[in-house]
Asks: 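Attaching a single structure in structure tokens format; questions to follow.
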Amino acid sequence: MTRSQNMATELKKTGESSLAQIKAPQELVHIKHKITLLQYKYWILMLRTYRELYEDGEAFRAGEYCYLSMSAVTEALGYQPKTSEIERDLEALRVESLVRNVLEKDGQKAKEGTGFISQWKVMSTRIGVVFPDVLREAVENLDRKDSIFHLLNWNIFNSFTGKYEAVLYKLCKDYVGVGETPWIPLEKFREYMGVKPEEYADFKRLNQWVISGPVKRINASELSDIEVDWEPERKQRKVVALKFRMRPKRQTMLDLGDHPAFRFAKVKISLAQQNEYLAKADTETLEYSILRANEYAEEQEMKGEPADLHKIYRKAIEQGWGDEYRSKLQAAEAKKAKEEVRKRAEAAKAAADLERKKASEALRAKGEEALASLEPEVLQALFERWKTEASPPAVMSKNGPSSVAFRAWARKALAVGEG
DNA sequence: TTCTGAGTCGAACCCAAAGT
DNA sequence: ACTTTGGGTTCGACTCAGAA
């Protein structure tokens with residue numbers, strides 16, 4: 001475990017109420033490797049091919065080659081790679097170890113290692129690879145929650161990039177469903193990222209190395225499947241809290257061929273099934289249908305009823321839940337915007353009231369000061385004037401110049417007269 | 001206008017891993 | 001054993017902009 005992960009676990013343990021929603025990085029499958037991006041691309045390309053063939057009903061036996069045509073490679077990469085380069089990269093994939101922690105049936109922990117591929121061959125028109133069992137099983141069980149690919153993306157990303165963007169990436173990945181993190185006070189953020197109080201003490205340094213820098217690199221990375229931006233909350237000019245927003249990035253390199261319309265799906269939908277759905281509705285409607293279906297499935301699970309997501313997705317897409325859901329969300333969005341406007345108007349009014357109150361207090365103080373500095377005879381003259389101009393009832397004027405009603409009148413007269 | 005936090009660029013330094 | 005390389009850390013110098 002790295003320091004930052006420890007910190008995150010600590011954060012979870014302390015269970016700070018305002019931050020109870022922040023999830024700690026989960027225990028990771030450790031996949032150690034150092035392959036290049038190009039090698040990774042070959043690997044993903046081959047895995048996609050494997051998936052397509054498998055879904056078409058082609059069962060692969062252990063040790064059987066899966067073939068990819070050279071033209072498909074050329075099309076995917078945008079250029080024709082040299083045979084010697086392909087050989088070199090496939091060999092690197094074979095040699096590179098993919099080690100992970102597994103839990104044996106008896107509960108014992110074990111380490112398991114293979115290559116990214118176990119055999120390869122390159123011919124003039126096609127290349128063939130044999131995948132290790134663990135990967136074949138993972139592709140064949142893509143909808144299983146513990147499928148290695150759920151963890152692989154983040155690990156691969158982790159190995160390609162720096163210290164902080166990996167942790168930040170994980171934080172953002174956890175909220176990709178919600179679309180944004182809650183406001184995170186700066187100290188909590190430092191803690192989560194594993195930054196000690198004396199490190200990057202100035203916000204500008206923290207921003208430079210732990211926020212903006214990593215965010216830039218996450219967004220620029222070909223491997224990242226999310227896009228992140230962030231917003232500071234300021235007290236005066238000081239930044240006191242942060243919020244990250246993120247959305248899934250439409251990317252072609254990392255996934256196993258899934259259409260982006262299904263990016264919110266919580267189980268894998270076969271490519272053939274995806275095509276069937278795509279013929280029924282446009283991308284946006286499909287997205288909303290799946291979001292609505294996710295919500296419905298959660299409600300069902302809350303009630304203790306098991307939800308078959310495949311069935312729910314089918315129902316949602318066939319009945320067009322997406323259209324209704326989209327209008328509902330848009331209405332909620334509009335309401336929120338309206339509420340925002342109302343709140344802002346209210347705040348402006350409160351500020352104006354305060355301003356008025358301050359002004360009137362200032363005026364009163366000024367009048368009071370002027371009144372106090374008057375010579376007794378001038379005060380008496382003013383009192384006489386008050387009696388003729390304001391013609392107050394006798395009971396009010398019997399106190400003479402110390403009468404409350406007179407003083408109020410005189411303050412006003414003096415403040416206006418002087419101002 | 002001055003002060004100060006933030007944003008940006010770049011240089012220097014440290015350390016560990018990899019290469020020779 | 002020594003050198004190179006790369007990432008992380010820290011800092012200075014400068015600019016910008018909001019608040020007093």
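Each chain gets a letter, A, B and so on, in the order the sequences are listed, and its residues count up from 1.
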Asks: Could you pull out the closest heavy-atom pair between A:I269 and A:R51, with the gap in Å?
Replies: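 That closest heavy-atom pairing would be O-NH2, 2.8 Å.
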Asks: Give a yes-or-no answer on whether the side chains of A:Y50 and A:E58 include a donor-acceptor pair shorter than 3.5 Å.
Replies: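 Judged by distance alone, the side chains do not pair up.
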Asks: For A:F203 and C:dT10, give me the distance from atom CZ to atom C1', rounded to whole Å.
Replies: 18 Å
Asks: Between atom CD in A:E199 and atom P in C:dG7, what is the gap in whole Å?
Replies: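 Taking CD of A:E199 and P of C:dG7, I get 19 Å after rounding.
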Asks: Check every atom of C:dA19, B:dG7, B:dT8 against the side chain of A:Q208 and return the nucleotide holding the closest atom.
Replies: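 Closest nucleotide to the A:Q208 side chain: B:dT8.
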Asks: So is A:K121 actually on top of A:Y65's ring, under 6.0 Å and inside 45° of the axis?
Replies: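 Judged by the rule, A:K121 and A:Y65 form a cation-pi pair.
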Asks: Taking OP1 and OP2 of B:dG7, is either one under 4.0 Å from a side-chain nitrogen or oxygen of A:N207?
Replies: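 Yes, A:N207 has a side-chain N/O under 4.0 Å of OP1/OP2 on B:dG7.
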Asks: Report yes if a side-chain nitrogen or oxygen of A:Y164 is closer than 4.0 Å to either non-bridging phosphate oxygen (OP1 or OP2) of C:dT9; otherwise report no.
Replies: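 Indeed, a polar side-chain atom of A:Y164 lies that close.
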Asks: Once you measure the plane-to-plane angle for A:W409 and A:W386, does it fall in the parallel (<30°), tilted (30-60°) or perpendicular (>60°) bin?
Replies: tilted
Asks: Should the side chain of A:R205 and the base of C:dG12 be counted as holding a donor-acceptor pair, with the cut-off at 3.5 Å?
Replies: yes
Asks: Would you state whether a donor and an acceptor, one from the side chain of A:K204 and one from the base of B:dG7, lie under 3.5 Å apart?
Replies: yes
Asks: Indicate, with a heavy-atom threshold strictly under 4.0 Å, whether A:D202 touches base, sugar-phosphate, or nothing.
Replies: nothing
Asks: Over how many whole Å does the gap from A:L242 atom CG to B:dA6 atom P extend?
Replies: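 Checked: the CG to P distance equals 11 Å.
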Asks: Taking A:E333 first and then A:K338, would you say they form a salt bridge - that is, a charged N and a carboxylate O separated by under 4.0 Å?
Replies: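 So A:E333 does not pair with A:K338 through a salt bridge.
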Asks: Taking CZ from A:R234 and C1' from C:dA19, how many angstroms apart are they, rounded to a whole number?
Replies: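 Roughly 13 Å, once rounded to whole Å.
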Asks: In whole Å, I'd like the distance from the CG atom of A:L186 to the C1' atom of B:dG5.
Replies: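 Taking CG of A:L186 and C1' of B:dG5, I get 13 Å after rounding.
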Asks: How long is the line joining CG of A:L206 and C1' of B:dG7, in whole Å?
Replies: 13 Å
Asks: Could you tell me the separation between the CH2 atom of A:W209 and the C1' atom of C:dG12, rounded to a whole number of Å?
Replies: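 Interatomic distance, CH2 of A:W209 to C1' of C:dG12: 13 Å.
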Asks: Whole-Å distance between B:dA6 P and A:E233 CD?
Replies: 14 Å
